[in-house]
A.B. asks: 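Before I ask anything, let me first share the structure, which is written out below as structure tokens.
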Amino acid sequence: MSADVAGQGGPDEASPSRGAAAGSEPSIPYRVQADARAADLVERYKDLAPQSETGRTVTVAGRLMLRREMGRVAFGTLRDSSGQVQLFAGKAWTDGFDGFTRLSLGDWIAASGEVVTTKTGELSVKVASWQLLAEARRGFGDKWHGISDLDTRYRQRYADLWANEDSRRVLLLRSSLISWIRRWLEGRGFVEVETPVFHPTPGGATAKPFVTHHNALDVDLYLRIAPELYLKRLVVGGFEKVFEVARVFRNEGLSPRHNPEFTMLELYQAYADYTDMMRLTEDLVAGAASELLGTTEITYGGRSLSLAAPWRRATLSELVAEHSGMTLDIDSPISELREAAESVGVQPEPAWGSGKLLLEVYEKTTESELWEPVFVTDYPKEVSPLARDHRCKAGYVERFEAIVAGRELCNAFSELNDPVEQRLRFEAQAAAKAAGDEEAMSVDEDYLRALEYGLPPTGGLGIGIDRLVMLLSDSDAIRDVIAFPTLRPETA
RNA sequence: GCGCCUCUAGCUCAAUGGCAGAGCAACGGACUCUUAAUCCGCAGGUUCUGGGUUCGAAUCCCAGGGGGCGCACCA
């Protein structure tokens, strides 16, 4: 057992092993047969009177969080993934008592003994025997403040997750959310699929891709910026309801709301249009909140917010009028749109048409002001190369974004399924790209070929999972909802 | 990419131009019911790095590095 205890370092300094020579710790077992979890014990015996003995012997395993020595007795706080339980050791009844008192905070141990309560009534495992499972050669920081340095927290997430309850809570919520979404969609007949991460032609969104190279094929490949075009190929192939939880990659700046790799839920439903997608979106988000938080009434950044369906629907032009006082639409004279853009601080580029100008005014004046969930509908065709023409409003497409707490949560449309029209849209994008727009799309000939086989009327939806987790967990940084966020590599 | 802020012991933080400190952790010791146990003792520093100003720099200036925030881009 751990006889001599050396110093214990911290996140920035490891101590040498306190036990055997490096690479060999013969007393450390290969497996542990724990038969109780901390929280279960505390829950099961919460009504026990002080100084009770249950006669039940258990083995618990976890990390030693705190230790209180009193001479010939010692108390420890053991934490496992369920919670915490007190260990009560004494020279009179604990094998290896001296070693127990020399354990470091953070050491993994297994402890066996009777479940009892102490004089003060705290439920404890009265340790008859214990085993060291792993030394903590680095400490987890101040036992009260833990680790709060943001750099350390994100770079050494293993330590942050152990030290900070909130960090664990958020990642557990993320896991529960994705799991729930899968079950919910499968319950509605959706099929989960996987599509390529390597794309010969990046598409499905306007964003700068990462480029990599395949040696054997000697071709450049792009890490996907969206799974959209492949999912719609699957609809062509007969998958009427598909979804993918897709990690996507965009070569853009980092910010509290942007990580270069992030997760999107995309789904496509044949025979549906964007109004179906609105109903699905509000049901999904409100349902997730009810299931995971027990309510649709949430607090984000100190402000209350209701996710209950149905959500407000309003056109982009209506919302711009509400928030900027300017009555603008796609048919407004272009000079008027350009003036409007300039008046709100946008510097229009010569190539921008009225659709782009209108969108810029919206983003500058309106989007961040929208707090309660709202479906912003009817986007300009110019800025929506994959969405189908609006059934009755020229120049617009059947597209919406859901804005919640001032941020885009999802993007959806009635999918453009006419290969001739799609080619025209791609060509306009390719022209913009040739003119210097690094984020514009290319012509994807294979996708056009797929459309030529026939894509039925289809509704499509993309939801930013990271954003949704942020919303549900009241996190203000995307880094908090990603286990290992992208950081500048450490320099030696 | 640009601007602003920030970096002190393993951790959390003081010291604002005049001897680098505290609490916790660690280390030595006391203690048979503690709850961030308590008490006694001991130790711990390239004040992010490199220049400069000054009799004297953690503190002021310049450059670089890490991080945060804002802008831009986007989801």
A.B. asks: Where the side chain of E439(A) is defined as all heavy atoms beyond and including C-beta, which of rA75(B), rU12(B), rC73(B) is the nearest nucleotide?
C.D. replies: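 Nearest to the side chain of E439(A) among the choices is rC73(B).
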A.B. asks: Between rU12(B) atom P and R153(A) atom CZ, what is the distance in whole Å?
C.D. replies: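 About 11 Å, once rounded to whole Å.
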A.B. asks: Please tabulate, one pair per line, all N/O donor-acceptor pairs under 3.5 Å involving side-chain atoms of residues 278-288 of chain A, not counting sequence neighbours.
C.D. replies:
from: R279(A); atom 1: NH2; to: D276(A); atom 2: OD1; distance (Å): 2.8
from: T281(A); atom 1: OG1; to: M277(A); atom 2: O; distance (Å): 2.7
from: E282(A); atom 1: OE1; to: W311(A); atom 2: N; distance (Å): 2.8

A.B. asks: Taking only Lys NZ, Arg NE, NH1 and NH2, and the carboxylate oxygens of Asp or Glu, determine whether K381(A) and E398(A) approach each other closer than 4.0 Å.
C.D. replies: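 Between E398(A) and K381(A) there is no salt bridge, as every charged N stays at least 4.0 Å from the carboxylate O atoms.
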A.B. asks: Would W162(A) and W108(A) count as a ring-ring contact (aromatic ring centres under 6.0 Å, His included) here? Give the steps.
C.D. replies: CA-CA 12 Å; W162(A) 182 263; W108(A) 291 88; 5.8 Å; yes
A.B. asks: Evaluate D444(A) against R233(A) for salt bridge (charged side-chain N to carboxylate O under 4.0 Å, His left out), listing each step before the verdict.
C.D. replies: CA-CA 12 Å; D444(A) 187 331; R233(A) 283 172 170 97; 3.2 Å; yes
A.B. asks: Between rU47(B) and rC7(B), how many Å separate the two C1' atoms, rounded to a whole number?
C.D. replies: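 Looking at atom C1' only, rU47(B) and rC7(B) are 9 Å apart.
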A.B. asks: For D149(A), which contact category applies under a 4.0 Å heavy-atom criterion: base, sugar-phosphate, or nothing?
C.D. replies: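 Sugar-phosphate contact only.
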A.B. asks: Hey, is the main chain of E401(A) close enough, under 3.5 Å, to the side chain of N411(A) for a donor-acceptor pair?
C.D. replies: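 No; zero donor-acceptor contacts below 3.5 Å.
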A.B. asks: How far, in whole Å, is rC39(B) from rA22(B) if one measures between their P atoms?
C.D. replies: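 Pairwise P distance, rA22(B) against rC39(B), rounds to 16 Å.
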A.B. asks: Rounded to whole Å, how long is the line connecting atom CD of E252(A) with atom P of rG1(B)?
C.D. replies: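 Taking CD of E252(A) and P of rG1(B), I get 15 Å after rounding.
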A.B. asks: Would you kindly give the CD-to-P distance between E349(A) and rA72(B), to the nearest whole Å?
C.D. replies: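 One finds 14 Å between P of rA72(B) and CD of E349(A), rounded.
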A.B. asks: Looking only at heavy atoms, which two atoms of D480(A) and Y154(A) are closest? And how far apart?
C.D. replies: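 Nearest heavy atoms, D480(A) then Y154(A): OD1-OH, 2.8 Å.
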A.B. asks: What distance separates L305(A) CG from Y300(A) OH, expressed to the nearest 0.5 Å?
C.D. replies: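 Here the rounded value is 10.0 Å.
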A.B. asks: Please determine, for rG28(B), whether a Watson-Crick or G-U wobble partner exists with both distances under 3.5 Å, and give it or none.
C.D. replies: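 Answer to the pairing question: rC40(B), which forms a Watson-Crick or G-U pair with rG28(B).
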A.B. asks: For rC71(B), what is the paired nucleotide under Watson-Crick or G-U wobble rules, both distances under 3.5 Å?
C.D. replies: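 In the structure as shown, rC71(B) has rG1(B) as its Watson-Crick or wobble partner.
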A.B. asks: Once you apply a heavy-atom cut-off of 4.0 Å, does N259(A) come out as touching a base, just sugar-phosphate, or nothing?
C.D. replies: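 Since a base atom lies under 4.0 Å of N259(A), the category is base.
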A.B. asks: Between R303(A) and W371(A), is NZ or CZ placed under 6.0 angstrom from the six-membered ring centre and within 45° of the ring axis?
C.D. replies: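 The answer is yes; both the distance and angle limits are met.
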A.B. asks: Expressed in whole Å, how much space separates the P atoms belonging to rC42(B) and rG28(B)?
C.D. replies: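 It works out to 15 Å between them.
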A.B. asks: Considering every strand shown, what is the Watson-Crick or G-U wobble mate of rG45(B) when both distances are under 3.5 Å?
C.D. replies: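 rG45(B) is paired with nothing.
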A.B. asks: What distance, rounded to whole Å, do you find between the two P atoms, one in rA63(B) and one in rU6(B)?
C.D. replies: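 rA63(B) and rU6(B) have their P atoms separated by 16 Å.
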A.B. asks: Measure the distance from CD on E360(A) to P on rA72(B) and round it to the nearest whole Å.
C.D. replies: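 My rounded result for the distance is 10 Å.
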A.B. asks: Does a side chain donor of either S317(A) or T315(A) reach within less than 3.5 Å of an acceptor in the other side chain?
C.D. replies: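 No, T315(A) and S317(A) have no side-chain donor paired with an acceptor closer than 3.5 Å.
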A.B. asks: For P50(A), answer base if it contacts any base atom (sugar-phosphate contacts may also be present), sugar-phosphate if it contacts only those atoms, and nothing otherwise; contact means non-hydrogen atoms under 4.0 Å.
C.D. replies: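 Here P50(A) touches no strand at all.
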A.B. asks: Provide the distance between the two P atoms, one in rU59(B) and one in rU16(B), to the nearest whole Å.
C.D. replies: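 So the two P atoms sit 13 Å from each other.
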A.B. asks: Could you check how far CG of L254(A) sits from C1' of rA75(B), rounded to whole Å?
C.D. replies: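 It works out to 13 Å between those atoms.
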A.B. asks: Minimum heavy-atom separation for A49(A) and T117(A), please, with both atom names.
C.D. replies: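 That closest heavy-atom pairing would be O-OG1, 2.6 Å.
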A.B. asks: Rounding to an integer number of Å, can you tell me how far R102(A) CZ sits from rG29(B) C1'?
C.D. replies: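 About 12 Å, once rounded to whole Å.
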A.B. asks: Taking atom P in both rA14(B) and rC33(B), what distance in whole Å separates the two?
C.D. replies: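 Result for the P pair: 38 Å, nearest Å.
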A.B. asks: Please measure how far the P atom in rU38(B) lies from the corresponding atom in rG44(B), and state the result in whole Å.
C.D. replies: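 The answer is 24 Å between these two P atoms.
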A.B. asks: Which part of the nucleic acid does R155(A) contact within heavy-atom distance under 4.0 Å: base, sugar-phosphate only, or nothing?
C.D. replies: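 Since only primed, P, OP1 and OP2 atoms lie under 4.0 Å of R155(A), the category is sugar-phosphate.
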A.B. asks: When you measure from the side chain of R425(A) to the backbone of S384(A), do you find a donor-acceptor pair of N or O atoms at a distance under 3.5 Å?
C.D. replies: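 Side chain of R425(A) to backbone of S384(A), a donor-acceptor pair under 3.5 Å: yes, one is there.
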A.B. asks: So which nucleotide does rA58(B) pair with, by the Watson-Crick or G-U wobble rule with both distances under 3.5 Å?
C.D. replies: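 Matched rA58(B) with nothing under the 3.5 Å cut-off.
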A.B. asks: Give, ordered by number, those residues of residues 458-478 of chain A having at least one heavy-atom distance below 4.0 Å to an atom of RNA chain B; if nothing qualifies, reply none.
C.D. replies: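 Heavy-atom contacts with RNA chain B come from R467(A), I478(A).
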A.B. asks: Please classify the nucleic acid contact of R407(A) as base, sugar-phosphate, or nothing, using heavy-atom distances under 4.0 Å.
C.D. replies: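 The residue R407(A) makes no contact with any strand.
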A.B. asks: Here's one to test your reading of the geometry: is the NZ or CZ of R157(A) within 45 degrees of the ring axis of F484(A) and under 6.0 Å from its centre?
C.D. replies: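 No.
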A.B. asks: With a cut-off of less than 4.0 Å, is there a side-chain N or O of R257(A) near OP1 or OP2 of rA72(B)?
C.D. replies: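 Answer is no, no contact under 4.0 Å.
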A.B. asks: Rounded off to whole Å, could you give me the CG-to-C1' distance for the L487(A) and rG65(B) pair?
C.D. replies: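 Taking atom C1' of rG65(B) as the reference, CG of L487(A) is at 15 Å.
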A.B. asks: Would you say K208(A) reaches rA75(B)'s phosphate, i.e. side-chain N/O to OP1/OP2 under 4.0 Å?
C.D. replies: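 No, K208(A) has no side-chain N/O under 4.0 Å of OP1/OP2 on rA75(B).
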A.B. asks: Write down the protein N/O and nucleotide N/O pairs, taken from nucleotides 33-38 of chain B, whose separation is under 3.5 Å; answer none if there are no such pairs.
C.D. replies:
from: rC33(B); atom 1: O2; to: K119(A); atom 2: N; distance (Å): 2.8
from: rU34(B); atom 1: O2; to: R68(A); atom 2: NE; distance (Å): 2.5
from: rU34(B); atom 1: O2; to: R68(A); atom 2: NH2; distance (Å): 3.2
from: rU34(B); atom 1: O2; to: Q86(A); atom 2: OE1; distance (Å): 3.3
from: rU34(B); atom 1: N3; to: Q86(A); atom 2: OE1; distance (Å): 2.9
from: rU34(B); atom 1: N3; to: Q86(A); atom 2: NE2; distance (Å): 3.0
from: rU34(B); atom 1: O4; to: Q86(A); atom 2: NE2; distance (Å): 2.8
from: rU34(B); atom 1: O4; to: T118(A); atom 2: OG1; distance (Å): 2.7
from: rU34(B); atom 1: O4; to: T120(A); atom 2: OG1; distance (Å): 3.4
from: rU35(B); atom 1: O4'; to: R68(A); atom 2: NE; distance (Å): 3.4
from: rU35(B); atom 1: O2; to: E122(A); atom 2: OE1; distance (Å): 3.0
from: rU35(B); atom 1: N3; to: E122(A); atom 2: OE1; distance (Å): 2.6
from: rU35(B); atom 1: O4; to: T120(A); atom 2: OG1; distance (Å): 2.1
from: rA36(B); atom 1: O3'; to: K143(A); atom 2: NZ; distance (Å): 3.4
from: rA37(B); atom 1: OP1; to: K143(A); atom 2: NZ; distance (Å): 2.6
from: rA37(B); atom 1: OP2; to: R68(A); atom 2: NH1; distance (Å): 3.1
from: rA37(B); atom 1: N7; to: E69(A); atom 2: O; distance (Å): 3.0
from: rA37(B); atom 1: N6; to: E69(A); atom 2: O; distance (Å): 2.5

A.B. asks: Would you mind pulling out the nucleotide paired to rG21(B), Watson-Crick or G-U wobble, both distances under 3.5 Å?
C.D. replies: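 Pair assignment: rG21(B) / rC13(B).
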A.B. asks: Using atom C1' of each nucleotide, how far apart are rG21(B) and rA15(B) to the nearest Å?
C.D. replies: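 Those two atoms are separated by 7 Å.
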A.B. asks: For R138(A) and rG10(B), is the shortest distance between a side-chain N/O and OP1 or OP2 below 4.0 Å?
C.D. replies: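 So the side-chain polar atoms of R138(A) never come under 4.0 Å of the phosphate oxygens OP1 or OP2 of rG10(B).
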A.B. asks: Starting at CZ of R488(A) and ending at P of rG64(B), how long is that distance when rounded to a whole Å?
C.D. replies: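 Going from CZ in R488(A) over to P in rG64(B) covers 13 Å.
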